[in-house]
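All remarks here apply to the structure that follows.
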Amino acid sequence: GENVEQHPSTLSVQEGDSAVIKCTYSDSASNYFPWYKQELGKRPQLIIDIRSNVGEKKDQRIAVTLNKTAKHFSLHITETQPEDSAVYFCAASITLQDDMRFGAGTRLTVKP
Amino acid sequence: NAGVMQNPRHLVRRRGQEARLRCSPMKGHSHVYWYRQLPEEGLKFMVYLQKENIIDESGMPKERFSAEFPKEGPSILRIQQVVRGDSAAYFCASSPRGAEQYFGPGTRLTVT
């Protein structure tokens, strides 16, 4: 089955700096890669996703890149703000089967 | 369109009792997933269901845990004879065909 690894497990940045979180996956058939943000005590919220026919996707300060050959994808947050502090999870799935496997999460702390 | 609903939000059970967790998917969603999140850990896939069918239960413990998604009514995650190690947040998510999953607020189970 699919195995998703996520690094780093914790990340601390200064407000205004960029943050990058990386994930690798094992199943080359995976073609859907969402990212979730989970604030303390709350539900995971989908923040951005990418499908395998696209190499990069941007939404304001957030971008995701995908390298299908290397089987890795990354989340980039620019101009970080304290409210970006949360745990971020990557995931991968094979769309037709709709099974999603999550990375272990990255705890991002943005220091003011 | 109401989001994914879960109840109860908090559940306290004594060791040996049964826990029943309910999940009502978003309107029009026929796919339901259950995840467990231990304190300070990531989301672990448990089971994927469609109406009246279990599609993938590879993440479910072999004993004491069961799940159903009947033709009418919510999906139920049932834990028999709970133990302290079952204490966790249990999230369900729903999706239409197409893989984007939307999470419910979670049920926090505490076993005393």
Side-chain angles (χ1 to χ4, degrees), chain A residues 1-10 21 23 25-27 29-54 57 59 64 66 73 86-109, chain B residues 2-7 9-10 21 23-26 29-51 53-60 67 69 75 88-110:
Chain A
E2 177 64 276
N3 182 44
V4 178
E5 295 193 357
Q6 183 171 347
H7 300 280
S9 57
T10 60
I21 302 170
C23 288
Y25 61 98
S26 60
D27 193 334
S30 291
N31 57 13
Y32 175 67
F33 308 92
W35 286 87
Y36 287 84
K37 175 183 180 182
Q38 187 178 27
E39 297 176 17
L40 188 63
K42 297 190 177 178
R43 77 186 78 187
Q45 298 264 29
L46 179 69
I47 55 171
I48 194 168
D49 56 15
I50 192 167
R51 295 179 191 267
S52 61
N53 58 346
V54 175
K57 185 176 178 181
D59 182 4
V64 58
L66 170 65
F73 56 112
V87 178
Y88 291 81
F89 294 97
C90 64
S93 74
I94 302 167
T95 303
L96 289 178
Q97 295 179 13
D98 288 348
D99 264 3
M100 198 144 69
R101 295 294 185 267
F102 283 82
T106 296
R107 183 176 299 280
L108 173 65
T109 303
Chain B
V4 179
M5 309 287 283
Q6 285 187 253
N7 67 82
R9 295 291 308 277
H10 300 274
L21 288 61
C23 170
S24 296
M26 288 177 70
H29 289 192
S30 58
H31 301 232
V32 166
Y33 312 79
W34 285 93
Y35 297 87
R36 177 163 63 177
Q37 187 173 37
L38 294 169
E40 302 297 316
E41 292 191 13
L43 292 152
K44 299 296 184 189
F45 168 80
M46 298 182 75
V47 62
Y48 162 39
L49 311 106
Q50 294 181 22
K51 285 283 186 181
N53 286 306
I54 296 174
I55 307 302
D56 180 356
E57 55 182 349
S58 59
M60 288 275 272
F69 188 16
S75 175
Y90 292 83
F91 289 94
C92 83
S94 74
S95 80
R97 198 77 173 132
E100 292 92 349
Q101 293 186 19
Y102 299 89
F103 281 80
T107 294
R108 276 151 185 82
L109 172 65
T110 302

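What you are looking at is a predicted structure, and each value in this text was computed from that prediction instead of being measured. Quick note on labels: first sequence line is chain A, next is B, and so on, each numbered from 1.
Of all heavy-atom pairs between Q101(B) and Y36(A), the closest is O-OH, 2.8 Å. When all heavy atoms are compared, the tightest approach of F103(B) to P44(A) is CB-O, 3.6 Å. The minimum heavy-atom distance between R43(A) and G104(B), with the atom names listed, is CB-O, 3.1 Å.
Atom NZ of K42(A) is surrounded by 12 or fewer heavy atoms from other residues, nucleotides or ligands within 6.0 Å. Atom CZ of R108(B) sits in a crowded spot, with more than 12 heavy atoms from other residues, nucleotides or ligands closer than 6.0 Å. Other residues, nucleotides and ligands contribute only 12 or fewer heavy atoms inside 6.0 Å of the CE atom of M5(B).
Using a 4.5 Å cut-off between heavy atoms, Q37(B) touches chain A through its side chain atoms alone. Heavy-atom distances place no part of Q45(A) under 4.5 Å from chain B, backbone and side chain included.
Summarising the geometry, atom OH belonging to Y33(B) is positioned 7.5 Å from atom OG belonging to S93(A); distances are rounded to the nearest 0.5 Å.
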